[in-house]
Every structure is written in C-alpha cells, then in structure tokens.
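Here the structure is laid out as structure tokens; the discussion comes afterwards.
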Amino acid sequence: MIPVIKTVREVREHVRAWRNEGLSVGLVPTMGFLHEGHRSLIERAVAENDRVVVSVFVNPIQFAPNEDLESYPRDIEADRALCTDAGAAMIFNPEPAEMYPQGFCTAVDMNGLKFELCGKSRPIHFSGVCTVVTKLFNIVGPDRAYFGQKDAQQLAIIRRMVRDLNMPLEVVGCPIVREEDGLAKSSRNTYLNEQERAAALILSKTIFLGQKLVDEGERDAKKLIAAMEANIATEPLARIDYVDVVDAENIERIDRLEGEVLVAMAVHIGKTRLIDNFIASVE
Ligand code: AMP
C-alpha cells in the first residue's frame, strides 16, 4: 500500500527526492471517497508522469455553512487501496489545520468565470477551490495536474487561474465517467436512496436529450434550455437549480450556440445536489 502523508513537510521531502532522480510528477486533487471517475484521472496521470500524488482533502473553505461539509463521505483506507491499485505513489491527506493554520487569511479569487452556473448558488465556492488548488500546486509542485470535465466550470476556472498567474504546470482535463445507466459518477451519489437513485437518472437523460437536440441543429439557447427543463420537470423528485448554456472558455451566457459551448445543469434530487454537463463544438 502506498503511504498516506499528513504533512506538507513530508510531501516536499518525497517530491524533492523524486526530482533529484529526474522524475516527473503528476497531481490529482480530490475530496476522496474515490470512484471510477477519480480512477480515470489517476490512471491518466500515471500514464503521463513518473510519480503521481493524489490529494484527498475535503476543503472546508469551499463549503457554505448550509452545505454538506460534515456529512461528505470519507473512507481513506478504501481510497488508499484504489490509489495503490491505480499506480499512484502517494496520498496527501492533510488535516484542515495543516492547510489552514491559525491566522490563515489569504485567498485566491477570480474576477470572472465564477458568476454563472454553480457560482450563482455557491458564491464562495470557487474562491475556496482556487485557494486550495493553489496551495496544493505550491506544496507538490507538479508538472501536470488532472481535473474532470464533470466539474466543467471548475476546470475552466483552474485553466484560467494557471494561465493568469503563470503557474508552471499543465492542466489536463479528463472526460466524464458514468455509471452503466448514464448517471455521472460522484461521491455524492452515495447520499441517494433507492428511489432517488432512480430519479437521478433524469440528469444524464436530459444531458443526452440536449446533446441530441444540438446535433439535430438547435442553436437557440432559450429553446434548448426550455426543452431540457421540461424534461427534468417530468421527474417529481427533481428540483432544478439551473440549466444553462455558456461559452465554454469564459463561462458567460450566450443566446445562440456558436463555437465551444458548455451546456450545464445542477439539479436537487431530494436533499442531494447533483451536476452534469456536455460540451458541444458548434460550427
Ligand atoms: P471531487 O473529489 O468530487 O472533488 O473530484 C475530484 C476530481 O475528480 C475533480 O477534478 C472532478 O472533476 C473529478 N471527477 C469527479 N467525478 C468524475 C467523473 N464522474 N468523471 C470524471 N472526473 C470526475
């Protein structure tokens, strides 16, 4: 089994030794309770780097007080087994006090890209993400870092942050991994009871419907959103947070589908908030 490292100092010692051997380093940031979606990122990182660090940290500063910080599922031994099997070299699993010691008061924030989609209902979320990801980059110093398209707005924001602040690494985006029936894999799927799990299929079904409509030529964002919302409304357990169409790079709303567009949604199934999306390249 690979080591589970708790301190910044020890991570740096390991990485320094690897660097002395001339080895490249990949980083996969996660909140743990790892599944096949995370595994796909880790395997990609293992294929492209000599050593891979997986961080497992449920980052308190990206959760609002009414969100699921306390109940977020955790199982570090299962995560360790998955990471070992996938070929990672180390897990970094700090306590909150290691990341945010007394007196911590610095933030990394965006002046764009965070205002639409998830940023509307989670206004502090992306500042928390940017801050922790910056810290992880500074702690590990990877050549490449791996993020899932599942969190499309997060991926766009991290790409922009790295570009804006000249962070010396490559950001690699990885495709969404789904359950056999279509539901996007998520640690939060464990919150769903049997009935909710069946109802949650409305997300991926609506994503596939949206994809089909775009393939068939729909270019009007309002019409696309209306059709997708109407589809979600057929599921009584579903409550829409948003369905929206934005420019994939700048995360700004658009009326007509043109270029790289991101079609994204967040839907509550009971108490669980789930997200899904697709990217379309439109002529
Ligand atoms: P999380 O632990 O949910 O914060 O996710 C850690 C990383 O794994 C993020 O970059 C996510 O986008 C990615 N990820 C989570 N679920 C999936 C999935 N179903 N497919 C691909 N990547 C995913």
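In listed order, ligands and their atoms are each counted from 1. Owing to the predicted nature of the structure, the values given are computational and were not obtained by experimental measurement. Index from 1, following the sequence. The figures here come from the full heavy-atom set of this structure, side chains too, leaving out hydrogens, waters and symmetry mates.
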Would you find more than 12 non-hydrogen atoms of other residues, nucleotides or ligands less than 6.0 Å from Glu10 atom CD?
-> yes
Asn59 and Tyr72: side-chain donor and acceptor closer than 3.5 Å?
-> no
Tell me: protein heavy atom nearest atom 20 (N) of ligand 1, and distance?
-> Val177 N, 2.8 Å
Are a donor atom and an acceptor atom from the side chains of Asn93 and Arg80 found within less than 3.5 Å of each other?
-> no
Which atoms of ligand 1 are found less than 4.0 Å from any heavy atom of Pro29?
-> 6 (C), 7 (C)
Can you find a non-hydrogen atom of Gln149 under 4.0 Å from ligand 1?
-> no
In ligand 1, which numbered atoms sit nearer than 4.0 Å to a non-hydrogen atom of Gly148?
-> 9 (C), 10 (O), 11 (C), 12 (O), 13 (C), 22 (N)
Can we say Glu36 and Lys185 salt-bridge, meaning some charged N sits less than 4.0 Å from an Asp/Glu carboxylate O?
-> no
Which of the atoms in ligand 1, numbered in the order shown and given with their element, are less than 4.0 Å from a heavy-atom of Pro175?
-> 20 (N), 21 (C)
For Ile176, the atoms of ligand 1 under 4.0 Å from one of its heavy atoms are 20 (N), 21 (C)
Does CG belonging to Asp255 count more than 12 external heavy atoms closer than 6.0 Å?
-> no
State plainly whether the residues Glu95 and Lys6 are in salt-bridge range, i.e. N to O under 4.0 Å.
-> yes
Specify the protein heavy atom at minimum distance from atom 16 (N) of ligand 1: its residue, its atom name, and the distance to 0.1 Å.
-> His35 CE1, 3.3 Å
Provide the number and element of each atom of ligand 1 under 4.0 Å from a heavy atom of Leu41.
-> 7 (C), 8 (O), 10 (O), 13 (C), 22 (N)
Pick, from Tyr72, Phe147, Phe33, the option with the minimum heavy-atom distance to atom 3 (O) of ligand 1.
-> Tyr72
Where ligand 1 meets Gln154 - atom numbers and elements under 4.0 angstrom, heavy-atom basis | 9 (C), 10 (O)
Within the distance-only criterion (no hydrogens, no angle test), does the side chain of Glu48 pair as donor or acceptor with the backbone N or O of Ala45 below 3.5 angstrom?
-> no
For atom 5 (O) of ligand 1, what's the nearest protein heavy atom and its distance?
-> His38 NE2, 3.4 Å
Taking only non-hydrogen atoms of Lys185 and a 4.0 Å limit, the atoms of ligand 1 in range are 16 (N), 17 (C), 18 (C), 19 (N)
Using a strict cut-off of less than 4.0 Å between a Lys/Arg side-chain nitrogen and an Asp/Glu carboxylate oxygen, indicate whether Asp241 and Arg122 qualify as a salt bridge.
-> no
protein heavy-atom neighbour closest to atom 23 (C) of ligand 1 works out as Lys150 CB, 3.9 Å
For Arg178, is the nearest heavy atom under 4.0 Å from an atom of ligand 1?
-> no
